[in-house]
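Only this structure's heavy atoms are used, side chains among them; waters, hydrogens and symmetry mates stay out.
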Amino acid sequence: MSEVIKLSSPATREFWELPVLFEDEHLLALDKPARLLTSPDRYDPARPNLMKLLHAGIERGASWAKQRGLSYLMNAHRLDFETSGIILLALSKPVLIALANLFSTEKPVKTYLALVHGNPVKPSFEVNAKLAPHPVKVGMVRVDKKNGKRSQTLFELLEKFNGWSLLKCQPLTGRTHQIRVHLRQAGLPVAGDELYGGGPLLLSRLKPNYRLKHNQTERPLINRVALHATELRLPHPVTGAEVGISAPWPKDLKVAVNYLRRYAAG
């Protein structure tokens with residue numbers, strides 16, 4: 001069977017290759033690339049999204065769907081548009097219900113990597129801050145002690161640089177933008193996260209005597225929110241056996257961290 005599922009959007013002339021991270025007769029886990037929606041965005045319905053592209057592939061009998069005999073595929077959780085990494089899909093309605101019930105508990109252990117501005121005071125810390133949609137700014141979330149829902153994230157320092165850090169993040173609850181807002185609350189906004197105060201990681205700020213060619217504009221080392229869903233552990237929704245899934249570092253995160261190791265060693 002193919003280890004990569006290929007998807008394309010003729011309307012936007014975009015193309016994606018999604019590695020298969022795990023599969024059995026009930027589940028399919030894919031490595032979602034950054035800058036691809038998980039499901040339709042009510043604010044931008046024309047933008048391509050993973051679930052619509054997968055369903056279109058099943059309908060037209062794409063080779064990856066035929067090989068697996070797929071007729072049903074649904075996501076039990078989401079990743080933000082700019083977040084890369086593990087997305088877990090159910091191959092039947094009963095499995096989707098069981099997965100949705102699991103994701104509503106704290107049983108799935110979700111691990112993310114985040115490249116952030118600044119250095120934490122302690123090597124490990126947690127943020128407990130209730131979150132709610134912003135009352136005025138559409139699509140934004142804020143800390144709201146009075147009306148927010150309980151939200152908890154554990155953080156651990158993996159690598160420290162001069163002015164930057166690589167963190168391991170484990171959200172115990174599953175609120176929208178939870179890791180990003182909690183890191184902003186901790187004074188450690190995610191690199192490239194303009195919505196929550198994270199500026200770009202630029203080579204010109206790291207490399208001595210950096211020179212940009214004439215008439216060129218500098219691009220950030222990682223040109224999106226620097227967040228990657230790298231591990232997922234959960235009881236199998238049918239067998240109950242523990243399932244462990246991991247997604248390798250994406251190329252842009254590797255490049256960014258390599259430049260930090262070279263020019264901003266902590």
Side-chain angles (χ1 to χ4, degrees), residues 19 21-22 29 31-35 79-87 106 108-129 151-175 177-210 218-234 244-266:
L21 302 174
F22 175 89
D31 191 350
K32 184 188 87 67
R35 306 191 71 79
L79 293 179
D80 291 346
F81 172 60
E82 295 195 25
T83 302
S84 56
I86 302 164
I87 189 86
E106 294 182 10
V109 178
K110 297 168 282 185
T111 302
Y112 292 75
L113 296 172
L115 191 58
V116 304
H117 291 264
N119 304 126
V121 176
K122 297 178 181 178
S124 60
F125 61 100
E126 67 177 82
V127 176
N128 284 288
S151 306
Q152 183 181 11
T153 315
L154 307 178
F155 297 99
E156 183 184 326
L157 177 65
L158 294 178
E159 208 163 339
K160 181 179 178 182
F161 307 102
N162 183 16
W164 301 87
S165 298
L166 181 67
L167 300 181
K168 172 180 163 183
C169 318
Q170 290 187 323
L172 301 185
T173 48
R175 312 297 177 210
H177 296 181
Q178 178 175 316
I179 293 172
R180 297 162 62 188
V181 181
H182 277 179
L183 282 169
R184 182 189 190 180
Q185 179 76 1
L188 302 162
V190 180
D193 192 355
E194 294 178 8
L195 194 61
Y196 296 109
L201 172 59
L202 298 171
L203 184 57
S204 60
R205 304 232 181 118
L206 302 177
K207 186 179 178 182
N209 306 317
Y210 174 86
E218 185 179 3
R219 290 170 60 87
L221 289 173
I222 184 163
N223 200 20
R224 47 112 172 181
V225 176
L227 194 59
H228 176 65
T230 188
E231 285 182 20
L232 177 63
R233 291 201 321 274
L234 75 167
I245 305 166
S246 60
W249 288 30
K251 186 179 177 181
D252 58 0
L253 182 61
K254 279 186 191 171
V255 166
V257 170
N258 283 339
Y259 273 112
L260 285 166
R261 286 171 179 162
R262 186 170 177 183
Y263 295 113

Which pair of non-hydrogen atoms, one from P220 and one from L202, has the smallest distance, and what is that distance?
-> CA-CD2, 3.9 Å
Reported NE2-to-CG distance for the pair H182 and L188, which is rounded to 0.5 angstrom = 13.0 Å
Considering residues at least two apart in sequence or located in another chain, which fulfil the side-chain contact (heavy atoms from CB on, under 4.5 Å) criterion with P248?
-> L21, D31
With E106, which residues qualify under salt bridge (charged side-chain N to carboxylate O under 4.0 Å, His left out), at least two apart?
-> R150
With sequence neighbours excluded, what pairs up with Y259 under the side-chain hydrogen bond (donor to acceptor under 3.5 Å, both in side chains) test?
-> none
Please confirm whether the backbone N or O of S151 pairs with a side-chain atom of Q178, one donor and one acceptor, at under 3.5 Å?
-> no
Can you name the residues that form a side-chain hydrogen bond (donor to acceptor under 3.5 Å, both in side chains) with S246, not counting sequence neighbours?
-> none
Partner set under ring pair (Phe, Tyr, Trp, His ring centres under 6.0 Å) for F81, not counting sequence neighbours = none
If you measure from CG on L158 to OG on S124, what distance do you get to the nearest 0.5 Å?
-> 11.0 Å
Taking the side chain as C-beta and beyond, is there a heavy-atom pair between Y112 and L79 under 4.5 Å?
-> yes
Under the salt bridge (charged side-chain N to carboxylate O under 4.0 Å, His left out) rule, collect the residues that match up with E231, sequence neighbours excluded.
-> none
Between K110 and T173 the two heavy atoms that sit nearest each other are NZ-O, 4.0 Å
Look only at the side chain of E82 and the backbone of A34, and say whether a donor-acceptor pair between them is shorter than 3.5 Å.
-> no
Nearest heavy-atom pair of K32 and I87: which atoms, and what distance?
-> CB-CG2, 4.3 Å
CG/L227 to NE2/H177 distance, rounded to the nearest 0.5 angstrom?
-> 10.5 Å
Nearest atoms (heavy-atom pairs only) where L234 meets L232 = CD2-CG, 4.0 Å
With P250, which residues qualify under side-chain contact (heavy atoms from CB on, under 4.5 Å), at least two apart?
-> S84, R224, H228, D252, L253
Mind checking the CG-CG spacing from L206 to N162? Nearest 0.5 Å is all I need.
-> 9.0 Å
F155 and I179: CA distance, side-chain angles, deciding distance, side chain to side chain contact (heavy atoms under 4.5 Å, CB included) verdict | CA-CA 9 Å; F155 297 99; I179 293 172; 4.2 Å; yes
Listed partners of E218 passing salt bridge (charged side-chain N to carboxylate O under 4.0 Å, His left out), at least two apart = none
Sequence neighbours excluded, which residues qualify as side-chain hydrogen bond (donor to acceptor under 3.5 Å, both in side chains) partners of N128?
-> E126
Can you name the salt bridge (charged side-chain N to carboxylate O under 4.0 Å, His left out) partners of D193, sequence neighbours left out?
-> R180
Residues at least two apart in sequence or cross-chain that pass side-chain contact (heavy atoms from CB on, under 4.5 Å) with K254, listed by chain then number, are W249
Between the CZ atom in R35 and the CG atom in D80, the distance rounded to the nearest 0.5 Å is 12.5 Å
Gap separating the CZ atom of R262 from the NZ atom of K207, nearest 0.5 angstrom | 6.5 Å
Donor-acceptor pairs are to be reported for all side-chain atoms of residues 164-172 against protein atoms at under 3.5 Å, with residues two or more places apart or in another chain.
from : atom 1 : to   : atom 2 : distance (Å)
S165 : OG     : G118 : O      : 2.7
S165 : OG     : N119 : ND2    : 2.8
Q170 : NE2    : T111 : OG1    : 2.9

Atom of P189, atom of Y196 and distance for their closest heavy-atom approach | CB-O, 3.7 Å
Any idea which heavy atoms bring A29 and I245 closest together, and the distance?
-> CB-CD1, 3.9 Å
